[in-house]
Amino acid sequence: MKITLNRINDDFLFECTNSQGNSILLDNTSQPGAKGVSPMESVLMAVAGCSGIDVVSILKKQRQDIKSFQAEVEGERVQVDDAKPFKSIKVKFLLEGEIDPKKALKAAELSFEKYCSVSKTLEPNVEIGYEVFVNGDKI
């Protein structure tokens with residue numbers, strides 16, 4: 001796996017591109033007029049995307065009818081010397097459809113305990129938690 005990063009303006013806007021040519025924009029969001037996401041926001045997005053792919057994949061294999069899938073991710077940071085790494089990350093899954101709540105909860109559990117490479121990479125240093133809501137009800 002490899003990405004390339006190219007600076008695309010005179011400040012902090014970067015384009016990161018993968019081997020298939022897909023890209024995202026990263027920027028210093030503390031500056032006015034930022035046109036991309038911050039690198040730390042991209043970490044939260046990666047957790048959401050990785051676990052989201054897992055959960056949807058597991059539920060599709062179980063023939064669950066997902067009408068809507070959303071994840072909200074919040075990260076709490078802590079000062080460590082000059083850096084501010086994440087101390088904890090919480091993921092909230094919001095699913096709608098003909099979905100067995102027990103299967104949805106188990107899918108999330110499997111993602112974070114077994115499959116999600118992003119959260120597994122972070123978990124030695126970051127506490128990761130999750131909640132699952134199906135049709136508005138917390139499971």
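Rounded to the nearest 0.5 angstrom, I8 CD1 and L26 CG are separated by 9.5 Å. One distance of note links CD of E96 with CZ of F133; it measures 11.5 Å at 0.5 Å rounding. In this structure, F14 CZ and I24 CD1 are separated by 12.5 Å, a value rounded to the nearest 0.5 Å. In this structure, the separation between CG on L122 and OG on S88 is 11.5 Å, given to the nearest 0.5 Å. Separation of atoms CD1 (I139) and NZ (K103) is listed at 14.0 Å; rounding is to 0.5 Å. Atoms OH and CD1, from Y115 and I53 in turn, are 14.5 Å apart once rounded to the nearest 0.5 Å.
Grouping the Ile, Leu, Val, Met, Phe, Trp and Tyr side chains by contacts below 4.5 angstrom, directly or via other members, places I66 with F93. Residues L94 and V56 do not share a hydrophobic cluster, clusters being chains of Ile/Leu/Val/Met/Phe/Trp/Tyr side chains in contact below 4.5 Å. When hydrophobic clusters are built by joining Ile, Leu, Val, Met, Phe, Trp and Tyr residues whose side-chain heavy atoms come closer than 4.5 Å, directly or via intermediates, F69 is not grouped with I58. At a threshold of 4.5 Å between side-chain heavy atoms, the hydrophobic network of Ile, Leu, Val, Met, Phe, Trp and Tyr places V132 and V91 in one connected group.
When only modelled atom types and interatomic distance are considered, N22 and Q20 share no side-chain donor-acceptor pair under 3.5 Å. Remark: the T29 side chain and the D27 side chain contain no N/O donor-acceptor pair separated by less than 3.5 Å.
A search for side chain to side chain contact (heavy atoms under 4.5 Å, CB included) contacts involving K84 returns R77, Q79, not counting sequence neighbours. Residues passing the ring-ring contact (aromatic ring centres under 6.0 Å, His included) test with F12: none are found, sequence neighbours excluded. Here Y130 pairs with F112 under the ring-ring contact (aromatic ring centres under 6.0 Å, His included) rule; sequence neighbours left out. Remark: K106 pairs with E109, L110 by the side chain to side chain contact (heavy atoms under 4.5 Å, CB included) rule, at least two apart or across chains.
K102 has its side chain out of reach of L105: every pair of non-hydrogen atoms, C-beta onward, lies at least 4.5 Å apart. Looking only at side-chain heavy atoms (C-beta outward), I99 and N135 stay at 4.5 Å or farther from each other. Two residues are said to be in side-chain contact when any heavy atoms from C-beta on lie closer than 4.5 Å; S57 and K61 meet this criterion. S19 places none of its side-chain heavy atoms less than 4.5 Å from the side chain of K2. Proximity of V37 to M45: side-chain heavy atoms (C-beta onward) are separated by under 4.5 Å at one or more points.
Judged by distance alone, with hydrogens and angles left aside, the side-chain atoms of R7 form a donor-acceptor pair with the main-chain N or O of N9 at under 3.5 Å. Looking only at distances, no side-chain donor or acceptor of S111 sits under 3.5 Å from a matching main-chain atom of A107. A donor-acceptor pair is defined here as one N or O able to donate and one able to accept, closer than 3.5 Å; no such pair exists between the side chain of K60 and the backbone of V55.
By the 6.0 Å contact criterion, CD on E98 is open, its count of non-hydrogen atoms from other residues, nucleotides or ligands being 12 or less. Counted within 6.0 Å of CD on E127, heavy atoms from surrounding residues, nucleotides or ligands total 12 or fewer; the atom is thus considered open.
Between L25 and K35, the shortest heavy-atom contact is CD1-O, 3.7 Å. The shortest heavy-atom contact between K67 and G97 is CG-CA, 3.8 Å. Closest heavy-atom contact between S117 and T121: O-OG1, 2.7 Å.
Listed by first then second residue, pairs satisfying ring-ring contact (aromatic ring centres under 6.0 Å, His included) with a partner in residues 28-68 number zero, not counting sequence neighbours. For residues 30-65, the set of pairs meeting the ring-ring contact (aromatic ring centres under 6.0 Å, His included) definition, not counting sequence neighbours, is empty.
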